Q: 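Mind having a look at this structure? Questions to follow.
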Amino acid sequence: MKASLGRRGVAPEDVDRVAELDVEHRKRLADREVLRAQVKALSRQVGQARKAGEGGRAAELAEESRRLGDEERAVGAEADRVAEALRQTLLELPNLPSEDAPDGAGPEDNVELRRWWPGMETGASQPEPADHQRVPHWEVGERLGILDMARGARLAGSMFPLYAGRGARLVRALTSLARDRHTDAYLEIRPPTLVLTETMTSTGHLPKFGDDAYHVERDDLWAIPTAEVPLTSLRRGEILAEEELPLRCTAVTSCFRREAGAAGRDTRGLLRVHEFEKVELFAYATEAQAPSVHADILARAEGVLQDLRLPYRVLDLCAGDLGASSARTFDLEVYSPGCDRWLEVSSVSWFRDYQARRANVRYRPDGGGAPLLAHTLNGSGLAWPRVWAALVETGRQPDGSVLLPDCLAPYLGGDLRITPPVG
RNA sequence: GGAGGCGUGCGAGAGCGGCCGAAUCGGCACGAUUGGAAAUCGUGUGUGGGGCAACCCACCGUGGGUUCAAAUCCCACCGCCUCCGCCA
C-alpha cells in the first residue's frame, strides 16, 4: 500500500500514521467496551436489588457503577479524539492508483493511447488546420456575436462566459445531442446544483479541495464542481441489490469552479471558466462490472466527439497525475486549431470503492451474504465550453462564417451555418 | 417565515426509564405437508466494530444532556406531514 501510494507521491510516514492511529483507536475502543459491559451488568443488578427491597445493596452497586461510568466516559472521550484524528487523516489520503495506471509524476508522463480524426477509418492522415481555422474562438465568437466574455464579466466577473443567439443555442443543441445519445442506457437525472458538505465529502472533493469550490456560507451549501458530486450520493447510505447493477445515470448541470489563482495566459475565452455546462455519465457497479462500464463511458464520450467530427486524443493518466479519488483515468482532449492546443473535455474515471466507502453505498451479492462496497465510475460526455471552442474554430470557413457538423442539424432547426450579424 | 403533528427493523406498527435490538401483522428465504400449487405448520430474516468460536459492544432521524441505567425523560438541529403567510 505504501508503495502504491508512493507512486502518486504520498510519503510513507503518512501511511504509518494511519496504522498507528488505527491501533490506538482499537485499543481504546476495546477498553471502553469492557467498562461499558460492566456498567450495564451493574445497572441491571441495581434494578434487581431494588426490586428485592435491598436498598442498601442497590446504593452500593449504583455507586460502583457510577465510578465505572466516569471511567468509561474518560476512555470514550479519548477514543473519540483518536477516531477523529484517524478520520481526518484517512479522508485526506488519496486513492490507490490502479496497477494498470502508468508510472509518472505529472502531466508530462501521461501516456497518449490513440488519436482520432475524421476520415481516419478510410486512411486519411490527420488534417492540417487551414489558416482560416487558426483564429481563436474568442475572436470568432465576438465577431459573430455568439460569445460575449466582456458582458459576462460585467455580470459576474471574469471567467464567467455569456453565450448569445446561435452561440447559446449551440450549447443547448450539444446538450440535447448528448441526452439523446446516452439515455438509452443511462437514466436521466436532474440533481440539485447546491449540495451539503456531506455530499461534497463523499466524492473526495472535501475536505482537501474546499478552496476550489464555491461555498454559500449562510446556508452551508456548496456549488457542485461536477454532477459527479450529487450522482455519487444518489444512493448514499443504501444497500442495493446486485441485480440493480450496473446502475447508470446521466445528468446535465452547471458546474462551478473557483479556479483560484488560475487567471492568466491559459484562461482566455472558454479555455477555463468558473461556470460551465457539462453532461455527466455515472455508474455504480460491482468490481467485476467496472472495467466494461469504464470502457462504455469512454466509448460514449468518444462517440460524441466523433459525431461532432472533432479530432481528439486519449490520454492514460499516470499515477502522479491522477485525481485524488481516482484509481484509473482516461482524459479526452479535443484539438483546438485556433489555439493550437489539446483541450481536456472529458475525464473518465474509475474510483473503485474509494467514493462508495465515503458515501456508504453497498450492494447485497446475488447469493446473499454481507453487503459489499460498490464501485463508482464516471466521465464527462462532455464539458461544453471547450467543445464549443473547438467546433467554432474547426468549422470556421474562409469567409469567416462557421459551419457546424451534420449531427447537430436536428437541434439547430436545420441551420448549420453561423454568419456574422448584419450591419 | 409562523402554528401544530410525526420520525422505531424490508413494509406496516407496538413499546411502563431497568426483564427491548426491540411485541404483533405482513413481506421474503428455507424446511414440512402436496402429484403440483394455494392454504397451513415450523424455522430463519438488519448494519457496523472487537475476539473472529461461544460471546461482547454500538446503532430505534442526527447531535448533546439528565440518570447507577435511556428507543422510553430534557434540549438543539434535520427531515416528513397538515394549516397559515410568501412566492414561480
Side-chain angles (χ1 to χ4, degrees), chain A residues 18-91 190-202 206-207 215-222 229-230 233-245 247 253-254 284 286 353-375:
Chain A
V18 170
E20 283 164 21
L21 284 171
D22 185 54
V23 168
E24 190 181 347
H25 181 228
R26 277 171 207 271
K27 183 180 166 350
R28 308 248 183 225
L29 271 189
D31 291 350
R32 177 192 202 171
E33 278 187 15
V34 170
L35 287 166
R36 181 82 191 132
Q38 288 171 351
V39 169
K40 281 177 78 164
L42 281 172
S43 293
R44 210 165 294 137
Q45 289 171 31
V46 171
Q48 285 162 357
R50 200 162 282 169
K51 202 168 288 175
E54 304 173 34
R57 195 170 121 71
E60 259 174 56
L61 289 166
E63 179 50 41
E64 170 71 359
S65 178
R66 186 200 320 254
R67 196 182 58 70
L68 286 171
D70 289 343
E71 206 176 316
E72 183 224 327
R73 263 184 289 281
V75 174
E78 189 61 18
D80 290 346
R81 198 188 56 71
V82 177
E84 181 53 24
L86 176 63
R87 204 181 72 86
Q88 282 306 322
T89 311
L90 230 35
L91 275 179
R190 173 56 247 215
T193 322
L194 297 179
V195 299
L196 302 171
T197 295
E198 202 183 343
T199 308
M200 286 283 280
T201 306
S202 293
L206 289 177
H215 185 204
V216 184
E217 296 191 9
R218 179 167 166 160
D219 298 291
D220 194 20
L221 291 169
W222 300 80
V229 171
S233 285
L234 195 64
R235 299 300 199 97
R236 186 166 67 219
E238 295 187 33
I239 298 176
L240 312 171
E242 181 171 353
E243 61 194 23
E244 288 182 79
L245 303 175
L247 184 70
T253 66
S254 273
Y284 293 114
T286 65
D353 58 12
Y354 185 89
Q355 293 180 328
R357 181 172 290 112
R358 285 161 172 70
N360 192 223
V361 178
R362 292 165 297 170
Y363 68 94
R364 179 94 52 194
D366 274 340
L372 302 172
L373 285 168
H375 279 211

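Within every chain, numbering begins at 1; the chains are lettered A, B, ... in the order of the sequence lines, protein sequences first and strands thereafter. Being a predicted model, the structure only gives us computed values, none of them experimental. Values below: every heavy atom of this structure, side chains too, minus hydrogens, waters and symmetry copies.
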Q: In residues 29-37 of chain A, what residues come within less than 4.0 Å of RNA chain B, judged by heavy atoms?
A: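 When residues 29-37 of chain A is checked for heavy atoms under 4.0 Å from RNA chain B, the hits, listed by number, are A:Glu33, A:Arg36, A:Ala37.
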
Q: Just how far is it from atom CZ of A:Arg236 to atom CD of A:Gln355, taken to the nearest 0.5 Å?
A: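 If I round to the nearest 0.5 Å, the distance is 12.5 Å.
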
Q: Taking atom C1' in both B:C57 and B:G61, what distance in whole Å separates the two?
A: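 Each nucleotide's C1' atom is 22 Å from the other's.
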
Q: Provide, to the nearest angstrom, the distance between the CD atom belonging to A:Gln38 and the C1' atom belonging to B:C57.
A: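 It works out to 13 Å between those atoms.
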
Q: Looking at CZ of A:Arg364 and CG of A:Leu240, how far apart are the two atoms once the value is rounded to the nearest 0.5 Å?
A: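 Rounded to the nearest 0.5 Å, the CZ-CG separation comes to 11.0 Å.
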
Q: Can you check the distance between B:C52 and B:U40, where both ends of the measurement are the C1' atom (answer in whole Å)?
A: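 Between the two C1' atoms, the distance is 40 Å.
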
Q: Between A:Tyr284 and A:Arg235 (side chain of the first, backbone of the second, donor and acceptor by atom type, cut-off under 3.5 Å), is there such a pair?
A: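 Answer holds: yes.
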
Q: Under a 3.5 Å cut-off for both contacts, is B:U40 paired Watson-Crick or G-U wobble with anything, and if yes, with which nucleotide?
A: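 Because both required distances fall under 3.5 Å, B:U40 counts as paired with B:A32.
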
Q: Using Watson-Crick or G-U wobble geometry with both distances under 3.5 Å, which nucleotide pairs with B:C68?
A: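 Its partner is B:G18 (Watson-Crick or G-U wobble, both distances under 3.5 Å).
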
Q: Show your working on side-chain contact (heavy atoms from CB on, under 4.5 Å) between A:Leu61 and A:Glu54 and close with a plain yes or no.
A: CA-CA 11 Å; A:Leu61 289 166; A:Glu54 304 173 34; over 6 Å; no

Q: Looking at OG of A:Ser43 and CZ of A:Arg66, how far apart are the two atoms once the value is rounded to the nearest 0.5 Å?
A: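 CZ of A:Arg66 is found 11.0 Å from OG of A:Ser43.
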
Q: Which base sits across from B:G27 as a Watson-Crick or G-U pair, both distances under 3.5 Å?
A: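 With both distances under 3.5 Å, B:G27 matches B:U45.
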
Q: Tell me: CG of A:Asp220 to C1' of B:U62, nearest whole Å?
A: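 That distance rounds to 15 Å.
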
Q: Just how far, in rounded Å, is P of B:G79 from CD of A:Glu198?
A: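 Nearest whole value for this atom pair: 12 Å.
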
Q: Please give, in whole Å, the distance from B:A71 C1' to A:Lys40 NZ?
A: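 A:Lys40 atom NZ is separated from B:A71 atom C1' by 13 Å.
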
Q: Do NZ/NE/NH1/NH2 and the carboxylate oxygens of A:Arg73 and A:Asp70 come within less than 4.0 Å?
A: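 Result for this pair is yes, salt bridge flagged.
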
Q: Tell me which nucleotide, if any, is Watson-Crick or G-U wobble paired with B:A3 when both distances must be under 3.5 Å.
A: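 The base-pairing partner of B:A3, which may sit in any strand shown, is B:U82.
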
Q: What's the gap between B:U47 and B:G9 when it is taken at their P atoms, as a whole Å value?
A: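 Straight-line distance between the two P atoms is 14 Å.
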
Q: Rounding to an integer number of angstrom, what distance separates B:C19 and B:G4 when you compare their C1' atoms?
A: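 These two C1' atoms come out 37 Å apart once rounded.
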
Q: On a whole-Å scale, what distance lies between the P atoms belonging to B:G65 and B:A14?
A: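 The same atom, P, in both gives a distance of 31 Å.
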
Q: Nearest-Å distance, CG (A:Leu86) to P (B:G49)?
A: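 One finds 14 Å between P of B:G49 and CG of A:Leu86, rounded.
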
Q: Apply the test side-chain contact (heavy atoms from CB on, under 4.5 Å) to residues A:Leu221 and A:Leu196: give CA-CA distance (whole Å), side-chain angles for both, the deciding distance (0.1 Å), then the verdict.
A: CA-CA 5 Å; A:Leu221 291 169; A:Leu196 302 171; 3.8 Å; yes

Q: Roughly how far apart, to the nearest Å, are B:G26 and B:G13 at atom C1'?
A: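 It comes out at 10 Å once rounded to the nearest Å.
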
Q: Round to a whole Å and report the spacing from CG of A:Leu240 to C1' of B:C10.
A: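 Taking atom C1' of B:C10 as the reference, CG of A:Leu240 is at 14 Å.
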
Q: Could you check whether A:Arg364 gets within reach of a base, just the sugar-phosphate, or nothing at all, counting any heavy atom under 4.0 Å?
A: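 The residue A:Arg364 makes sugar-phosphate contact but no base contact.
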
Q: Which whole-number value in Å describes the distance from A:Lys27 NZ to B:G49 C1'?
A: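 Checked: the NZ to C1' distance equals 17 Å.
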
Q: Can you list, by residue number, the residues of residues 60-82 of chain A that have a non-hydrogen atom closer than 4.0 angstrom to RNA chain B?
A: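 A:Ala62, A:Ser65, A:Arg66, in order of number.
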
Q: To the nearest angstrom, how far is A:Ile239 atom CD1 from B:C28 atom P?
A: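 In whole Å, B:C28 P lies 20 Å from A:Ile239 CD1.
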
Q: Given side-chain contact (heavy atoms from CB on, under 4.5 Å), test A:Arg87 with A:Leu90 step by step and report yes or no.
A: CA-CA 5 Å; A:Arg87 204 181 72 86; A:Leu90 230 35; 5.7 Å; no

Q: Please report the distance separating the P of B:G1 from the corresponding atom of B:C60, rounded so that it comes out in whole Å.
A: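 Here B:G1 and B:C60 have their P atoms 28 Å from each other.
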
Q: Establish, yes or no, whether the cationic atom of A:Arg357 lies under 6.0 Å from the six-membered ring centre of A:Tyr354 and within 45° of the ring axis.
A: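 Not flagged: A:Arg357 not positioned over aromatic ring of A:Tyr354.
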
Q: With rounding to the closest Å, how many angstrom separate the P atoms on B:A37 and B:C28?
A: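 Roughly 15 Å separates the two P atoms.
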
Q: Roughly how far, to the nearest 0.5 Å, is OG of A:Ser233 from CD of A:Glu198?
A: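 Answer rounded to 0.5 Å: 7.5 Å.
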
Q: Looking at B:G9, which nucleotide sits across from it as a Watson-Crick or G-U wobble partner, both distances under 3.5 angstrom, or is there none?
A: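 Its partner: none found.
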
Q: Dump the pairs, protein N or O against N or O of nucleotides 16-19 of chain B, anything under 3.5 Å, distances to one decimal.
A:
{"from": "B:G18", "atom 1": "O6", "to": "A:Arg50", "atom 2": "NH1", "distance (Å)": "3.2"}
{"from": "B:G18", "atom 1": "N2", "to": "A:Ser43", "atom 2": "O", "distance (Å)": "2.6"}

Q: Below 4.0 angstrom, N of the basic side chain to O of the carboxylate: do A:Glu64 and A:Arg67 qualify?
A: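 Yes, charged N to carboxylate O under 4.0 Å.
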
Q: Working to the nearest 0.5 Å, report the span between CG of A:Leu194 and CG of A:Asp220.
A: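 So the gap between those two atoms works out to 11.5 Å.
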
Q: Nearest 0.5 Å, please: how far is CZ in A:Arg81 from CG in A:Leu86?
A: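 Here the rounded value is 11.5 Å.
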
